[in-house]
Amino acid sequence: MIDIKPEPGSEEAIRAYKTILSQVIDQRPSGMRQRLADALGKHRSFVTQISSPAYSIPIPSKHLPAIFSVCHFSQAERDQFLAAYHQAHPGKISVAAGARKTRHVSLIVPDFGDDKQNAALDRAINEFIQKVTIITGKSG
């Protein structure tokens with residue numbers, strides 16, 4: 001059997017690692033996409049776009065540590081994903097995709113009854129956390 005690898009940067013190459021992510025998410029408990037959206041400071045539709053092989057939108061490498069942490073990738077899943085990601089985006093895997101350890105924190109915040117206001121609060125909290133992390137020198 002001939003192993004044909006997709007061309008770097010091609011939609012097929014992007015689809016390969018997104019298929020792995022989609023399978024990992026599907027094997028996890030429900031609510032994983034929302035937890036990932038919360039960790040990334042994005043709306044759940046963003047997670048759908050970066051995790052669905054049907055969309056050709058690549059996953060920014062800066063999001064890989066959060067994805068690995070929140071989705072609890074096994075080492076084998078992580079290795080398979082990174083090999084496919086590297087095939088799609090040679091040289092784009094940053095040091096941040098390595099062993100940086102993160103953790104998930106849940107907060108109870110007010111529901112403003114408005115999706116835009118709720119998303120703005122989520123972004124503000126995420127940006128605050130990222131800035132504090134940078135100030136303390138613990139950023140990846």
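Hydrogens, waters and symmetry mates play no part in the numbers below; they use all other heavy atoms, side chains included. Note that the structure is a prediction, hence the values are computed from the model and not measured.
- Annotation: the span from Ile129 atom CD1 to Leu107 atom CG amounts to 7.0 Å, rounded to 0.5 Å.
- Side chain of Glu77 to main chain of Ser74: a donor-acceptor pair is present (N/O by atom type, distance under 3.5 Å, no hydrogens or angles).
- When the shell of 6.0 Å around CD of Gln49 is examined, it contains more than 12 heavy atoms from other residues, nucleotides or ligands.
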Could you give me the CA-CA distance, side-chain angles and deciding distance for Ile14 and Tyr85, then say whether side-chain contact (heavy atoms from CB on, under 4.5 Å) is met? CA-CA 7 Å; Ile14 293 170; Tyr85 192 91; over 6 Å; no

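- No donor-acceptor pair under 3.5 Å is formed between the side chain of Lys18 and the backbone N or O of Pro58.
- Applying the salt bridge (charged side-chain N to carboxylate O under 4.0 Å, His left out) rule to pairs touching residues 38-52 yields nothing, sequence neighbours excluded.
- Closest non-hydrogen pair, Ser51 versus Ser22, comes out as O-CB, 3.3 Å.
- With Ser69 contributing its side chain and Pro65 its backbone, the two residues share no donor-acceptor pair below 3.5 Å.
- Checked against a 6.0 Å centroid threshold, the rings of His63 and Phe68 do not count as neighbours.
- Looking at His86 and Tyr17, their side chains never bring a donor and an acceptor atom within 3.5 Å of each other.
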Apply side-chain contact (heavy atoms from CB on, under 4.5 Å) to the pair Cys71 and Met32, showing each step before the final yes or no. CA-CA 7 Å; Cys71 297; Met32 183 56 64; 4.1 Å; yes

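- Evaluated for a side-chain contact (heavy atoms from CB on, under 4.5 Å) with Ile67, the options Leu21, Val24, Val47, Ile25 yield exactly one hit, Leu21.
- Expressed to the nearest 0.5 Å, how far CD of Gln87 lies from OG of Ser10 amounts to 8.0 Å.
- Taking the ring pair (Phe, Tyr, Trp, His ring centres under 6.0 Å) definition, one finds that Phe112 meets it with nothing, sequence neighbours left out.
- One finds the CD atom of Gln117 at 11.5 Å from the CG atom of Asp122 (value rounded to the nearest 0.5 Å).
- With contacts defined as side-chain heavy-atom distances shorter than 4.5 Å, the pair Ser56/Glu12 does not qualify.
- Considering CZ of Arg123 and CG of Asn118, their distance stands at 10.5 Å, rounded to 0.5 Å.
- Scanning both residues, Ala84 and Ile20, for their nearest heavy atoms gives CB-CD1, 4.0 Å.
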Between Leu64 and Phe81, is the side-chain contact (heavy atoms from CB on, under 4.5 Å) condition met? List the steps. CA-CA 10 Å; Leu64 297 182; Phe81 179 89; 3.6 Å; yes

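- Here Ser52 contributes atom OG and Ile57 contributes atom CD1; the two are 9.5 Å apart, rounded to the nearest 0.5 Å.
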